[in-house]
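Hydrogens, waters and symmetry mates play no part in the numbers below; they use all other heavy atoms, side chains included.
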Amino acid sequence: FGYSMKNSDRFLHPEKVEPERFLRDRCEDRDNPSYCPFGYGNRACIGKPIALLEARIFMALLSNYIVLLKEKPNWKVSPAKVPEGGLHVRLVSRQGASQDTSLL
């Protein structure tokens, strides 16, 4: 999986972080199975619709908060880039953030 995402034969500028490349109107090749977190074809994961719905709900809930890093993460690669020891964040309510000048 990690290799296919960095393959220049499959993606333009694979070394750049471009989440926009996965938007429907920007797909370079609709039949490109290089990015398939839920599998591909007849054996694709039957839980995909539920997982995508959960992701949308999570993002909708998260949009009510400002996400701040508690500390700079130490990244490691194995096979994907992940923060060593987890990613420690602080969530601040957007309603309370307008009164807190320390967040500016």
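Counting heavy atoms from C-beta outward, V89 and L68 have side chains that stay 4.5 Å or more apart. Between N74 and E84, some side-chain heavy-atom pair lies under the 4.5 Å cut-off.
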Take V67 and L91 through the side chain to side chain contact (heavy atoms under 4.5 Å, CB included) test and state the conclusion after the steps. CA-CA 5 Å; V67 181; L91 299 177; 3.6 Å; yes
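In the hydrophobic cluster analysis, where Ile, Leu, Val, Met, Phe, Trp and Tyr join through side-chain heavy atoms closer than 4.5 angstrom, V92 is grouped apart from L61.
Within the 3.5 Å criterion, the main-chain N or O of S63 finds a donor-acceptor partner in the side chain of R94.
The local environment of CD1 in I50 is sparse, with at most 12 non-hydrogen atoms from other residues, nucleotides or ligands closer than 6.0 Å. Sparse packing is recorded around CD1 of I46, with 12 or fewer heavy atoms of other residues, nucleotides or ligands lying under 6.0 Å away.
In this structure, the side-chain contact (heavy atoms from CB on, under 4.5 Å) partners of P73, at least two apart in sequence or on a different chain, are L69, W75, P83, L87.
Considering OH of Y65 and CZ of R90, their distance stands at 13.0 Å, rounded to 0.5 Å.
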